[in-house]
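Below is one structure, written out as structure tokens; comments come after it.
Throughout, numbering of the chain's residues begins at 1 and tracks the sequence.
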Amino acid sequence: MQKKSAIRLILAYGMPLALYAFVAWQSWGFDDEIYNIKLVEGLSLGQLFVAVQSDDVHPPLSYIINYLLFHALGSWSLVRVASASFVVLALALFCEQIREQHGRHGWRLAYVGLLLSPSILMWCTSIRWYSYLLPVLAIALILPKRRAGWVYWMTGAAFCVVMSYISYIGLIASAGVLLWRYLNRDISEKHLTVIVVALLLSSLAYLPQVYYLLTVHLHNMGGQVAPLLYSLAGAGLTAFGNHGLFPVSVPAILLLGAWLVFLACNLRLRDFVSREGLPLLAVVILLVASGLSFKYRNALILMPFLFLWVSARGSSDTNLSRMFLGVLIFCTGIGLYHVVTHQSTLKHGWNINYGQVFNSIDELSAGCDEAYVGTFDQVVIDHLKHNEYALVSLGTSAHASDTCFILIDASQSLAESEAISTLIADNPADETLQLSHDDQISIRKMVIPTYLSEGVRIFVYRGADFCTDQCSIFNFYSRRP
């Protein structure tokens, strides 16, 4: 029997582990990751700590973890695989608790909706804070056998401190964790002394970071929050959709319909005023009211709380529960395919096939005696730096007739877009390539009128000196064959 159980665990959790490791290893990164990489590669641990605390919007722990992992493993791909593996392990333990509490059907809902979530697969195979916060949160929600006393409350408080040093979103997650532990405490827990002491000690442990929050980070958070309606939309996109599906698509609408039916059948007051419902409501209210969930990746912390509630409400193997699970499996499968193949996801930057971009750069450069690659895109710049391209100054001297200027346009800011548009209008390219075209661009612009990027365009100029003046705004990199 134990052998069968071990085989079941290996099969059930080995597949997600392989999937996460594959996506993490193949990742090209995105702009926020490149910012992390620059800090870690360019600074000592002490300098990194000072830099983050003096000019950032996040606490330092995720940067410190990245620093230690990178210097231990020597590769950002391995760092991504390591953090992704931690995510799978934590969520696997979380799902096993669901199985113990709510049986096999509750486990299926958590397994598909949480462990196989395209949203978590996309964001938590990166080297950003959510790759560390989410697994710590999942472990913090796992209840020990004895739910009273010093160990119970001090471990809960310790998890909250760790989460809050990873991200300020951890403060909101901590409220949910402490409420969850309080509602699930043993009946024998009659005295509040232990709880008060645990809260006091954790507050003292976090007090130094409160200083940096109030004096530095809070002033830099202008782009991190938004009005209530946008924040509510971000939370809804994460809770009732999946980031592997573009919201205005048939699978996304089907998934939303399934959620609405499931919710409509569980809207009784007792379903929400419960030990699973109250922590979820608390986190939703705090996250939406803060304005932070408008960046839908911030709303990932909702998902463990959500599936604690869903697994409890849907633990009975009813027709409704089976219908909901079937739609969840179908839409999750499509979302996973989109994430793995980098297409049609909610995150535009994830839909760019940077491998194709890199290959095009190398092929175009190989056909020139001198090749200069100019771009604003941080992922492309990082690739160039790590592949024998060096930052160069074009100067004002003439270039040979077989010199190539290769401009990469994946702009997502107005200034970059206007600069490239002006340059291209004044100087028609000898060759233009369109890669990773965004099929949802018209819909994205309806939601965000200032949305710019339509994919990646590559403009090639051969034997030209036009860039000496007009291209001064670009960073140019060169590799001579």
Side-chain angles (χ1 to χ4, degrees), residues 11-13 15-16 19-20 23 88 91-92 94-95 98-99 101-124 134 138 232-268 271-272 276-277 280 284 293 296-297 299-341 343-347 350-351 439-440 443:
L11 292 176
Y13 299 118
M15 186 274 287
L19 177 63
Y20 274 70
V23 173
V88 174
L91 293 181
F94 183 85
C95 287
I98 296 294
R99 184 198 296 273
Q101 292 179 337
H102 303 299
R104 183 177 297 179
H105 197 70
W107 173 83
R108 290 181 186 134
L109 289 169
Y111 180 84
V112 176
L114 195 62
L115 184 56
L116 294 183
S117 166
S119 308
I120 295 176
L121 177 65
M122 184 167 69
W123 292 108
C124 292
L134 193 71
L232 185 62
L237 279 172
T238 299
F240 307 129
N242 77 54
H243 298 173
L245 303 175
F246 190 68
V248 187
S249 64
V250 173
I253 294 171
L254 175 64
L255 180 59
L256 177 60
W259 271 109
L260 291 176
V261 172
F262 184 86
L263 291 172
C265 296
N266 292 279
L267 282 180
R268 295 163 297 186
D271 291 326
F272 287 97
E276 295 89 10
L280 172 61
V284 169
S293 58
Y296 38 85
R297 60 180 177 265
L300 286 177
I301 65 165
L302 287 176
M303 297 188 68
F305 294 101
L306 177 64
F307 278 93
L308 281 174
W309 182 81
V310 168
S311 298
R313 303 283 76 78
S315 58
S316 300
D317 195 7
T318 62
N319 290 334
L320 170 65
S321 187
R322 285 195 294 270
M323 178 278 294
F324 178 69
L325 178 61
V327 174
L328 194 62
I329 291 172
F330 174 73
C331 295
T332 295
I334 295 174
L336 290 174
Y337 175 75
H338 288 168
V339 171
V340 172
T341 58
Q343 60 177 305
S344 302
T345 70
L346 183 58
K347 180 176 173 56
W350 190 270
N351 300 334
D439 295 330
Q440 291 87 25
I443 299 175

Hey, what do you get for [atom1] ([X]) to [atom2] ([Y]), rounding to the nearest 0.5 Å?
X	Y	atom1	atom2	value
Ser293	Leu300	OG	CG	11.5 Å
Arg99	His105	CZ	NE2	13.0 Å
Ile329	Leu109	CD1	CG	8.5 Å
Cys331	Leu254	SG	CG	4.5 Å
Trp309	Leu263	CH2	CG	5.0 Å
Cys265	Leu320	SG	CG	4.5 Å

Flag side-chain contact, heavy atom, 4.5 Å: [X] against [Y]:
X	Y	answer
Tyr337	Gln343	yes
Leu121	Leu336	yes
Leu134	Trp123	no
Tyr13	Tyr111	yes
Glu276	Gln101	no
Leu91	Ile120	yes
Val88	Leu19	no
Ile334	Pro118	no

Would you name the heavy atoms of [X] and [Y] that are closest together and state the gap between them?
X	Y	value
Ala312	His102	CB-CE1, 3.5 Å
Gly234	Ala299	O-CB, 4.2 Å
Phe94	Pro304	CZ-O, 3.5 Å
Gly113	Met303	O-CE, 3.5 Å
Pro16	Leu115	CG-CD2, 3.9 Å
Asn351	Ser344	OD1-N, 3.4 Å

Next item on the list: Measure from the side-chain N and O atoms of Thr238 to the backbone N and O of Tyr296, and report whether any donor-acceptor pair falls under 3.5 Å.
Entry: yes
Checklist line | Side-chain donor/acceptor of His243 to backbone N/O of Leu346, under 3.5 Å | finding: no
Next item on the list: Could you check Leu280 against Leu308 for side chain to side chain contact (heavy atoms under 4.5 Å, CB included), going step by step and ending with a plain yes or no?
Entry: CA-CA 9 Å; Leu280 172 61; Leu308 281 174; over 6 Å; no
Note to self: Walk me through whether Trp350 and His338 qualify under side chain to side chain contact (heavy atoms under 4.5 Å, CB included).
What the structure shows: CA-CA 10 Å; Trp350 190 270; His338 288 168; over 6 Å; no
Next item on the list: Tell me, please, which residues at least two apart from Trp259 pass ring-ring contact (aromatic ring centres under 6.0 Å, His included).
Entry: Phe240, Phe324
